[in-house]
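Shown next, in structure tokens, is the structure this report addresses.
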Amino acid sequence: MPDLETLQLLGPELALTGIALLIFVLDLFLKRREDILGWLALAGMIATVLISLPLAIQSRTILSGMLAVDPLAVYFKIIAALTTALVLMASVDYLRTRSAYRGEFYGLMVLATLSMTLLAASTDLIMIFISLEFLSLTSYVLVGYLRHDWLSTEGGLKYLLYGAVTTAITLYGMSLVYGVTGSTSLEAIAQALADPANPMAQNQAILLPSLIFVLAGFAFKISLVPFHQWTPDAYEGAPIPVAAFLSVGPKAAGFAILLRTLLVAFPSLQVDWIAVLSGIAVVTMTFGNLVAIQQRNIKRLLAYSSISQAGYILLGVIAFWVGFGTPGVLIYVLAYLFTNLGAFIVVVAFSHLTGSDDIHDYAGLVRRAPFLALALVVFFMSLAGIPPTGGFLGKLYVFGAAIQAGFWPLAVAGVLNSVVSLYYYFGVVRQMFFLPPKPPLSLPVPRALLAAIVISLAGTLIMGIYPQPFIELATDSVAIVGQLP
Amino acid sequence: MPEILSLVWLVPVFPLLAFAAIVFLTHPDNQLSAWTAIAGIGLSTLVGLAIFATALGMPTLAEKPFHVTFPWIPTGTTQLTLGFMVDPLTAVMLAMVTVVCTAIFVYSQGYMDKDPRYARFFAYISLFASGMLGLVTADNLLILYLSWEIMGLCSYLLIGFWFERPAAANAAKKAFLTTRVGDVLLFIGLIILYFQTGSLSFEDIFSQLAFISAPLLVIVGLLIFAGAVGKSAQFPLHVWLPDAMEGPTPVSALIHAATMVAAGVYLVARTYPLFAAVQEGPALLWVGGIGAFTALFAASIAVAQNDIKRVLAYSTISQLGYMMAALGVGGFVASIFHLITHAFFKALLFLGAGSVIHAMHTNDMFEMGGLRRRMPITFWTLTAGALALAGIPPFAGFWSKDEILAEAFLHNPLIWLVLTLTGLVTAFYIARLIFLTFFGPERRREVREVEGTRFTLIPHESPRVMTAPLAFLASMVLLVGLAGVPADFPVLGPLLGSNPFHHFLGQNFARFGIEFEAIPFDASVSVLNTSLAAALLGLFIGWWLYGRQPLRQAQPDPLERLGPIHKLLKNKYYVDELYNATLVRGLVRLSEGLGSFDLRVIDGLVNLAGRGTAAFSELNRLFDVYVVDGAVNGVGSLTRWLGRGLREIQTGQVQNYLLVLALSTLLLAAVLINVLFTLIAILVIAGVTTLVWVLQPSVEDRPEERA
Amino acid sequence: MTIPYLSLITLAPLAGAILSLFIPRQREGAIKWFSILVSLVPLALSAYLWVSYDATLGGPQFEERYDWIPAINVEYRMGVDGLSVPLIFLTALLTTLSLYYSAFTIQERIKEYCALFLLLETGMIGVFTSLNYFLFYIFWEVGLVPMYFIIGVWGGPRREYAAIKFFLYTLAGSVLMLLAILAMFFAKGSFDILRLQQELRPFTDDFFLQSLAFWAFFLAFAIKVPLWPFHTWLPDAHVEAPTAGSVLLAGILLKLGGYGFFRILLPTFPQAFHTFAIPIALMALMSIVYGALVSMAQWDLKKLIAYSSVNHMGYVILGLAAAALLTPVGLAAGSSAAPAAATEILNSKVMALNGGVLEMFNHGVITGGMFFLVGIIYERTHTRQLREFGGLGSQIPLYYAVMTTTALASLGLPGLAGFVSEFLIFRGSLPLITPIAVIAISGILITAAFLLWKVIQLMFLGPLNAKWTGLPDMDRFELITMAPLIFLMVLFGLYPAPILTMVNKAMSDLFSIVPVVAGLF
């Protein structure tokens, strides 16, 4: 029976559950004023952050070792809540004209956030799987949320089918791991694998495939090549705020659980998974960038861009043991949150105002909405890793990690890729600044969207100019995993 | 009063100030500008002559030359110091340069009258004079080089003064670039000396010559000589000087007499200790050889030229050859002596020719004739100059040329022979010039039409402002040679104070152990007679061909009877054509080739990298669409094909995604397990890919097109 | 509390840029004059720096040090020495002149234009003032973005291609530098530029790593300089950039690369530089000769001058490569007996470096002026094709005079600024790398040839092309723009001591640091 302390430690999750339920209930009564639900959800996110913060001093597991309450989990919980908060701010205006059933949307967003907080804290394969499924299910619905939009529906369906198979593979992998180690707890798995007396633990022929199968599930969430194919279709089909959410939230949660699983459960196999992830990282960043060059739709461009970004972050995971490694992942994810959400929110705003996602329609944007154009330049600079932005700090860390760990070629591949990426990011900039504008000449941006952009912009720039607190935060948050061999 | 020497730095500064004043202040006012320039050079002349006079009275000047120095820039642990100096060589040059320049400045005031760029002209020549005066007063190679280049610049500006004429523009460019070839070599020599001795000052360099290895010293000598070859228009860099006639005539006079070309000879003279330091070294031999060759070479070209100024131009080249040859055989004093006398008589010849051109509005001697009566002052003064050039006593050229020949005879008979032969040719072409211009009928009358009435222009004597300098120079041509009359020359020698010029200059480098002894008249009397005979013979042939029976209008040059030889001479041995065909065209071709290489290959590579990335990215997209999406789209089609008649219940695409997903996962697992498995997996993938190629996916399956 | 001069100089334009965004778009005059006024702040302060920098003391002065990111040991450290002071002044001067000139010539989107120029100024000056790699790199990259926009928005017909080419090319170089900076940080735990070269000395024990880091830095700087064969972004960028953009591109942005060579590459990796000096000297040689020849092949005035920059910057690198070499080559036979040969070699090295720094300054002044002049004629004729001009000398004599002076300075005529630097470079490098330097000197000839033939003769000499009768001569604002540059050309041509005293001290100190590092010098 969970005691009071456990309930306290489950505070963020409980708050999110409560908010979600409240929204669903209120939705029944508030027929025409569903915007309020959006602001309620936003308040819930702020509450979640506030409740999470004090938990960062803890370091323990609860619910029979199912969930961890440690700085790492708290860090990613805050990330999840921040992501959702910004997405919510971007959604209210956007959805108003597009859907009549906004209450469910906000409720689902809160639930998705809940699933992410759970995923970030899971320390048991069963819990991981459940959270993963939970996140997937809410995401499927969100992607297909615009049920009259053919693309949205198709995107949701694809995502669902793809996710289903991945989940199956992951579950199969987990069962193999359980078979080999006799446990589902991550720590117990590590112990079993380190036990020389366990004959199964030495059986590479089973262990390695099972590791890969488990990773497939995470890679699907992070959309690493070759598990990325759903990404462009889903982003393109989904309502843009959802695409923004997918590009950051599940990805962050995916990295959280990837870190935890690999570092806690499979340190003994690190030689193997480092090799595999290195290959995946290079292929992911390169492939994402190269295909992004060809895109004419900004959502698809950002989709491929987010694929490549995941490849960079992976460098931090690969070089997890060095000083810049794991903190690098955390820093990059935070910077990426501000940056990518910022970029997506600009796209939301543009789409909201003009109804277009075509890059050609961004021509002359600087004359029509100078702030949007300027903000997008900063976000693109950050994505390409040009100082003084958070993206630069993130890249400094992950590439630094690769160098510190001695993976020179990975770092070189990374920086060269960021040069390539600049080409397509600034392809959009070129449209916005160098080409003549299309009418109408003035695009008034709704206030909520503006606020969301300003917050993202501030986050991006502050991280670039005064990164000290963020570095400290990230370094403290990995204190536990950092002590691992 | 040796204090006057400390004003030496002012000598180049006055004309420089005049230049600045004209450029920034007086240029709207023509007359004021001209007077500013004349005032500048006049002040320099005053100071220069005062210094010369003072120096004459200082017997120890050669032992202890006078210096003023100032620190210029820090260089590592040392400081580079620059300065000016006075020694006998400088004093003599100062006197000559200032006086000749003043004459030319005054003359220009008349000659350039009505030119729209009158003020600019005086600015340029002031700068020019400043450059030359800086050159002769410099106590170090850097200021020398700076002045050297300023003169190069001014010659560029002045030769191209009438730059609307393409010929003038070309000539200016040619002059600058040709001399710059020599300059660059001089520059290298200067740097080597600086590195080897840690200083640029002549005194320091000369006192440390012993530390420099002999071969290097020869190289440096040749490099310096190369600079002189460019500036003094010696073969093979002589090509610019005749073209330089495109400038206004006073400029020609300035370039040919007192400044520009004299600078080369002066440079070799100034650095003479360096040449002398390598005994029996080839450096001096090169100087002598090139000089003698150029003397004959240029004189022979002068013979066949019709343009009065071109004749004089080749004559200058030839006379400079004399001076170089003199230096080459050790005749330091003789060379400077000839430099001085030549400055006067060549200035006279040019200004005289200018006077003729001013009257006739043409340069072609075959269109002149009979001017003797129309322009008496010009005629008589020009004749004096001509006799000096031909080496007829008592004109200045005779004394200096004779000294050179005596030195050559003593040290290198071959050079002597060449120079004597040149004397004959020289006398011939100058006689040709005089007879064609001043004797015989008036071969052409310029006719002008003003408002329907035809006027025949009758040539007349030039204005005072032009004839006065002519007269002055003519008197100088008579007098200046007397300074160098050998001490034992009958009657004149003792009368004139036993060769004061030689005495003054011969000690110039005594402090470095180099002294020059005058050759007694007794030892060279046969040389003198030979050269005099040659000169008279030359004059006689000239009279025979052109004076005995003056040419009528349109009558061809008697020399054309020489056939191909005449053609060769008239075309200057085709050196210009050779350079154009090889160097100039080669350089242009090379640059154009490299230009397209840069565009196509180097930039091409850069663009190729960009395009390669783009192409690769397209390939990736295709891979994504056709192989990943479509690949197994192919399998979908295959399924469809196999299960024809069955209705599809799902979009084929997702199935395909899933298949790829499964394959990828297996592949990754395979990589970890073993290589064999990997190969099998690759084969499977490859098989699927092949299927895609066989079964083209339909367009609507490409997500790109749907967007 | 001392006044933070360097932060003021660096950040004042940034503040001005931000402030100018609040001026209403329609008040163009106010925007123009405000930005000019703002740019006077760094100009005045940098002039003060120059005057009050103590050249006898040397070393970094006006230092500012604050903790910035203690987590990774990053300090906000600024300081200037004899190398950076002249370049900072040059930057401030050219920016002010550019803004002034643009105030009369730019018609559209003035607000963005002025703000971008001020932003660019911050980026450029920041590179010269930073003494911490983290700070350095930020400014280094920040400078790219405004220039991208300046070329892309206000540029010529192919501006988009040129802008992105410039951006990608230079970025490609600098990201590798970032990796090298990180590698040094992980090796020694510091981002401090001076500490790394003076005390910490990364990779002294591992030559392979040192070479890797060296080439990474080298690439970043060589692309920026640009050294052959990394130069092809330059002609495109120059031809398309607006006049003031070209001025700053040639005047300052190229100097960032050169500055990197002096500030970082040589003192931090002396051993690697020494080892690779000959290949680098050969690249410099190619820049000089090849750059001059390709310049000669151009018919577009702007492109011609762009290539001539390749040539001139080649001299800078030649001097550096010579200074990095240990023994004099070629002249060794004769020099053994020469007095104090060792001192002479050291002096040669210092002179080569002095010449390089001076050449950077002079090239900024001269080529900056050149690009202004190109802009001035283009504004009137709307062509840059040399074949279309002709005989302008009598039509626009003032312009002819100014252009001729600038061209003569560019071809290294003694008495004008270009000569002194070339003289020092050749003086320094000839004894050290004789054959290469001798061939390189031929570059002087080619430069003279194409400037006289293609620029002066084709534009000004010969009969007047009837098309241009009535072409107006230089305006007053154009004269005012050119006047300071011409003044500097003459001043430093005749008396370069004010700048060289400072530079000489900085370069001499370089060799009092470096010898300890590698035991080489």
Side-chain angles (χ1 to χ4, degrees), chain B residues 23 71-78 116-117 120 142 145-150 152-153 156-157 160 163-166 168-170 172-173 176-177 180-181 184 187-188 191-192 194-198 208 211-213 215-216 587-588 590-599 602-603 605-606 610, chain C residues 165 168-169 229 231-233 290 293-294 296-298 331 333-335 337-340 343-344 346-351 354 391 393-394 408 413-415 419-420 423-424 426-427 430-431 438 441-442 444-446 448-450 452-453 456-457 460-464 495-497 500-501 504 508:
Chain B
V23 166
W72 194 55
I73 51 168
T75 51
T77 54
T78 52
R117 291 194 280 266
R120 193 188 292 187
L142 196 67
Y145 186 73
L146 189 140
S147 314
W148 181 272
E149 289 285 304
I150 285 177
L153 164 68
Y156 170 76
L157 294 171
F163 56 74
E164 288 88 347
R165 305 205 303 231
N170 278 326
K173 180 187 66 188
F176 193 88
L177 294 180
R180 207 166 162 85
V181 172
V184 163
F187 186 58
I188 299 176
I191 287 173
I192 295 176
Y194 187 9
F195 173 67
Q196 290 291 324
T197 64
Q208 292 189 41
F211 297 111
I212 306 175
S213 70
L216 192 62
L587 196 65
V588 171
L590 179 65
S591 96
E592 278 164 0
L594 285 180
S596 62
F597 173 80
D598 198 59
L599 207 63
I602 297 201
D603 199 29
L605 282 176
V606 175
Chain C
K165 186 176 184 180
L168 287 181
Y169 209 144
H231 62 279
T232 53
W233 63 268
Y290 177 100
L293 281 170
V294 174
M296 186 146 111
Q298 304 307 317
L331 293 176
S335 64
T343 326
E344 266 312 309
L346 184 63
N347 279 347
S348 293
K349 286 170 182 296
V350 174
M351 271 188 256
N354 284 350
S394 52
L408 291 171
L413 188 85
F419 169 72
V420 185
F423 167 67
L424 286 174
F426 285 123
R427 161 64 184 86
L430 196 75
V438 166
I441 288 181
S442 70
I444 295 181
L445 267 180
I446 308 168
F450 71 73
L452 289 187
W453 168 39
I456 303 296
Q457 188 173 7
F460 301 108
L461 311 185
L464 177 67
Y495 191 60
L500 275 177
T501 318
N504 188 56
S508 305

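All of these numbers come straight from a predicted model, not from anything done at the bench. A note on names: the letters A, B, ... follow the listed sequences, proteins ahead of strands, and every chain is numbered from 1.
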Answer with side chain, backbone, both or neither: which region of [X] has an atom nearer than 4.5 Å to a non-hydrogen atom of chain C?
X        : result
B:Phe597 : both
B:Val181 : both
B:Pro71  : backbone
B:Ile150 : side chain

Can you tell me how far the [atom1] atom of [X] sits from the [atom2] atom of [Y], to the nearest 0.5 Å?
X        : Y        : atom1 : atom2 : value
B:Leu599 : C:Gln298 : CG    : CD    : 8.0 Å
B:Arg180 : C:Leu413 : CZ    : CG    : 6.5 Å
B:Tyr194 : C:Leu424 : OH    : CG    : 7.5 Å
B:Phe176 : C:Leu452 : CZ    : CG    : 5.5 Å
C:Thr501 : B:Ile73  : OG1   : CD1   : 9.0 Å

Which of [options] touches chain B most, by non-hydrogen pairs under 4.5 Å:
options                                : answer
C:Ser348, C:Pro496, C:Ser442           : C:Pro496
C:Asn504, C:Leu408, C:Ile441, C:Leu461 : C:Asn504
C:Tyr495, C:Phe423, C:Phe450, C:Phe460 : C:Phe423
C:Val350, C:Ile446, C:Leu500           : C:Leu500

If you look at every heavy atom in [X] and [Y], which pair is closest and at what distance?
X        : Y        : answer
B:Glu592 : C:Ala297 : CA-CB, 3.7 Å
C:Gly462 : B:Ala169 : N-CB, 4.4 Å
B:Phe163 : C:Gly393 : CZ-C, 3.4 Å
C:Arg427 : B:Ile191 : CA-CG2, 3.6 Å

Are any of the side-chain heavy atoms of B:Arg165 and C:Pro463 separated by less than 4.5 Å?
->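 No - every pair of side-chain heavy atoms lies 4.5 Å or more apart.
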Any side-chain heavy atom of C:Trp233 sitting closer than 4.5 Å to one from B:Val606?
->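 Not in contact.
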Taking only residues two or more places apart in sequence or in another chain, which ones pass salt bridge (Lys or Arg N to Asp or Glu O under 4.0 Å) with C:Lys165?
->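 By the salt bridge (Lys or Arg N to Asp or Glu O under 4.0 Å) rule, C:Lys165 matches B:Asp603, C:Asp236.
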Check the pair C:Leu445 / B:Leu177 against side chain to side chain contact (heavy atoms under 4.5 Å, CB included), numbers first and verdict last.
-> CA-CA 7 Å; C:Leu445 267 180; B:Leu177 294 180; 5.5 Å; no
Tell me which of these, [options], has more heavy-atom pairs under 4.5 Å with chain C than the rest.
options                               : result
B:Gly152, B:Pro74, B:Gly595           : B:Pro74
B:Asn170, B:Thr75, B:Leu605, B:Asp598 : B:Asp598
B:Leu157, B:Leu594, B:Leu590          : B:Leu594

Heavy-atom distances under 4.5 Å only: say whether C:Leu168 touches chain B with side chain, backbone, both or neither.
->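 Contact with chain B involves no heavy atom of C:Leu168 at all.
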Given a strict heavy-atom distance threshold of 4.5 Å, which part of C:Met351 is in contact with chain B: side chain, backbone, both, or neither?
->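 Just its side chain gets close to chain B.
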B:Phe187 and C:Phe426 aromatic ring geometry - parallel, tilted or perpendicular at 30°/60° bounds =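 Answer is perpendicular, since the angle exceeds 60°.
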Centres of the C:Phe419 and B:Tyr145 rings: under 6.0 Å?
->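 When the ring centroids of C:Phe419 and B:Tyr145 are compared, they turn out to be within the sub-6.0 Å range.
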